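This is a predicted model, so every value here is computed, not measured.
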Amino acid sequence: MTDSLTLSAPYPASGPAAGDHFATGSSAGHGGPQRLLPAGGAVPVDLRAHLARYGALRHLGGPKRLIAEVQASGLTGRGGAAFPAYRKLAAAAGSRPAPIVAGNGAEGEPASRKDRSLLWISPHLVLDGLQIAAQVAGSRDTVLYVQRNPRLHLRLAQAISERAAAGMDAATIELREAPDRFLAGEESAVASRLTGRPALPGYRLVRGLPRLGSGQPVLVQNVETLAHLALIARYGAAWFRTAGTADEPGSTLVTLHLPDGQVRVAEVPLGVPIADLIGSGSPVQAVLVGGYHGAWLSAAHAARLPLANSALRPAGATVGAGVVAALPAGRCGLAETARVARYLALESAGQCGPCFNGLPRIAVAVGHLAGPRPDPRARADLERWAGLVEGRGACHHPDGSVRFIRSALRVFAAEAGLHEQGRCSGTNPEPFLHLPADPPLDDSDWS
């Protein structure tokens, strides 16, 4: 393994989508391991190259020993919640009947590119992890649940066929398509989709593993988590902990939205300074950490923090979906927030009042605040409505949306004051944060 920060370059012409970006090797201001992604560029890794780099998949022993090794490694889920990976594996190992194992590559967060980059470049690491999880769970059935993208699905189907021809997988692997919805990757939404129902999140918190209508449990792990699992199975917990911090070990993939407009994927050690990720070139006024359920931080505050939950949580943020977006000077932070707030409101699953009624009202108010001469009472109204929505949704969507909007009210308070005077500091009206061109607007888009 080499030790340099992995940064990205544009997707090759054969990549999943025009305008997306893949991760390639390039040094930057902070050293870090290249574990999940190759150093040599954005070329997809075939099975032969995969085995040449990592060797055959080795197991550290039976399920109990592997679970203990994952616990010792400190691996947490890389899908956003940072839940200890060993706890899900232990629940799966103790479940009867044996669960279906689902690799979650839905990546409904529009600002994220990390999962699709990993699946395109290093699919065999993910598929190795899927097999390891199936072994621990005692399952012979796995599903790879991936966003709609014909070229990516073709790439993954080819990788699965390579492995089948080599006779290296004990469990079957089925590719399933995830709807292009923000919440389609939520754990209970994945379970719902696997039964043929819409990918809607469940009403209540699920204790233990979610279950299908038949009662069969489902072990859902993010695809990056699975790739780390494959490496821990090969090299062990002590090796995994040679990157990151004592409390938050390992490397992680992040999607960087740089102030010059470039979007890159990087593999970095947890605990890397955020300042190292965004660089010191173009002036930055604020940094969004964690994605659209994350939080805005002022540029000065973000520059003092590492990319670690222990440091970010007191500031109201988390690593979350692994998104770090540096908003350049000359863009209106309120306008950017209003665009995303409208998108989040449209992405409501429509299952509860706080989301179905509250988020649209809040989004309209943020849009009003981003306009010229808003009512001075608008900010107080937003805070009050946010309090009415928070903690009352059928899923986490209202809470995440409120977190994002409240952070904007704090960080862009001075900008809101300018708008009340009929002024705006923004000089560039071009949108900075990425959103889908055509947000889905009807229930059929959940299937």
Identify the two heavy atoms, one from A237 and one from S73, that lie closest to each other, and give their separation to 0.1 Å.
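Looks like CB-N, 3.5 Å.
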For the student: nearest non-hydrogen atoms of G294 and L288, plus distance:
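Heavy atoms only, the tightest pair is C-CD1, 4.3 Å.
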Exactly one of K114, E107, E187 should register a side chain to side chain contact (heavy atoms under 4.5 Å, CB included) with N222. Which one does?
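Only match with N222 under side chain to side chain contact (heavy atoms under 4.5 Å, CB included): K114.
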Here's a test for you: under side chain to side chain contact (heavy atoms under 4.5 Å, CB included), which of L359, L344, V366 qualifies with I405?
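The side chain to side chain contact (heavy atoms under 4.5 Å, CB included) with I405 is passed solely by V366 among L359, L344, V366.
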So L194 and V218, side chain to side chain contact (heavy atoms under 4.5 Å, CB included) or not? Walk me through it.
CA-CA 9 Å; L194 294 185; V218 184; 4.0 Å; yes
So [Y] and [X], do their side chains get closer than 4.5 Å, heavy atoms only?
{"X": "S122", "Y": "H50", "result": "no"}
{"X": "S251", "Y": "L270", "result": "no"}
{"X": "E177", "Y": "Q147", "result": "no"}
{"X": "L231", "Y": "Y54", "result": "yes"}
{"X": "P84", "Y": "Q71", "result": "no"}
{"X": "L307", "Y": "L277", "result": "yes"}
{"X": "E69", "Y": "Y86", "result": "no"}
{"X": "T252", "Y": "E267", "result": "no"}

Check: R113 side chain, R264 main-chain N or O, donor-acceptor pair, under 3.5 Å
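No; judged by distance alone, with no hydrogens or angles, the pair does not exist.
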Output all residues satisfying side-chain hydrogen bond (donor to acceptor under 3.5 Å, both in side chains) with E430, sequence neighbours left out; order by chain, then residue number.
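Scan of E430 (side-chain hydrogen bond (donor to acceptor under 3.5 Å, both in side chains), adjacent residues dropped) gives none.
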Do R78 and T76 have side-chain N/O donor and acceptor atoms under 3.5 Å apart?
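Present: a donor and an acceptor within the cut-off.
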Within a radius of less than 6.0 Å around CZ of R384, do more than 12 heavy atoms belonging to other residues, nucleotides or ligands occur?
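Atom CZ in R384 is crowded, with more than 12 foreign heavy atoms closer than 6.0 Å.
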Crowded around F83 CZ? As in, over 12 foreign heavy atoms under 6.0 Å?
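Atom CZ in F83 is packed in, count exceeds 12.
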Check the orientation of H293 and H397. Use parallel for under 30°, tilted for 30 to 60°, and perpendicular for over 60°.
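Plane angle between 30° and 60°, so tilted.
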Within 45° of the ring axis of W385 and under 6.0 Å from its six-membered ring centre, is that where the NZ or CZ of R361 lies?
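Yes, a cation-pi geometry holds between R361 and W385.
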Does R35 make a cation-pi contact with W239, if we ask for NZ or CZ under 6.0 Å from the ring centre and within 45° of the axis?
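R35 over W239 ring: yes.
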Excluding sequence neighbours, so at least two apart, what forms salt bridge (Lys or Arg N to Asp or Glu O under 4.0 Å) with D247?
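Checked D247 against salt bridge (Lys or Arg N to Asp or Glu O under 4.0 Å); zero matches.
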Run R339 and R342 through side chain to side chain contact (heavy atoms under 4.5 Å, CB included) and show every step you take.
CA-CA 5 Å; R339 290 177 55 247; R342 178 180 181 274; over 6 Å; no
Residue pairs involving residues 286-303 (criterion salt bridge (charged side-chain N to carboxylate O under 4.0 Å, His left out); sequence neighbours excluded):
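Passing the test, one end in residues 286-303: no pairs.
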CA sep, side-chain torsions, deciding dist, call: Q131, T142, side-chain hydrogen bond (donor to acceptor under 3.5 Å, both in side chains):
CA-CA 8 Å; Q131 293 295 318; T142 74; 4.7 Å; no
